[in-house]
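Note sheet for the following structure.
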Amino acid sequence: MKKILVLAAHPDDETLGCGATIHRLYREGHSIQLLTFTDGESSRGLNKKNRNTLLDRVSNILGISNFSFSNFPDNAMDSVPFLK
């Protein structure tokens, strides 16, 4: 069994980018953790719903044992100074 860390900029990138692989690795018995970097809110104004609230359900479906997220602004991570 391996420990696998999935890094994704936004919540849903893990599913769209490698969801099937995550689930296969889970079925093979590996421990999978997820870290997303943004606050989960859409910067486009189309969806005011915070996507981080769905990570618990997504994790159960894909087989992710643990997840956490940061609070960088969605689609604006480059607006945060490097020293912060």
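These numbers come from the heavy atoms of this one structure, side chains and all, not from hydrogens, waters or symmetry mates.
For D56, the side-chain contact (heavy atoms from CB on, under 4.5 Å) partners two or more places apart in sequence, or in a different chain, are N60, F67. When the salt bridge (Lys or Arg N to Asp or Glu O under 4.0 Å) test is applied to D13, no partner is found at least two apart in sequence or on another chain.
No more than 12 heavy atoms of other residues, nucleotides or ligands lie within 6.0 Å of CG in N71, so this atom counts as exposed by the packing criterion. Within 6.0 Å of CZ on F37 lie more than 12 heavy atoms contributed by other residues, nucleotides or ligands.
A distance-only check finds no donor-acceptor pair linking the side chain of T38 to the backbone of P73 [under 3.5 Å].
Looking only at side-chain heavy atoms (C-beta outward), H23 and I61 stay at 4.5 Å or farther from each other.
The CG atom of L62 sits 10.5 Å away from atom OH of Y26, with the distance rounded to the nearest 0.5 Å.
A continuous path of ILVMFWY side-chain contacts below 4.5 Å connects V58 to I22, so both sit in one hydrophobic cluster. Placement of L25 and L16 in two distinct hydrophobic clusters is found when ILVMFWY residues are connected by side-chain heavy-atom separations under 4.5 Å, directly or transitively.
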Could you walk me through whether F72 and V80 satisfy the side-chain contact (heavy atoms from CB on, under 4.5 Å) test, starting with their C-alpha distance in whole Å, then the side-chain angles of each, then the deciding distance to 0.1 Å, before giving a yes or no?
CA-CA 8 Å; F72 286 101; V80 179; 3.9 Å; yes
Pairs of donor and acceptor atoms involving the side chains of residues 28-36, under 3.5 Å and at least two apart or interchain, shall be tabulated with distances.
| residue | atom | partner | partner atom | Å |
| --- | --- | --- | --- | --- |
| E28 | OE2 | R24 | NH1 | 2.9 |
| H30 | ND1 | K2 | N | 3.0 |

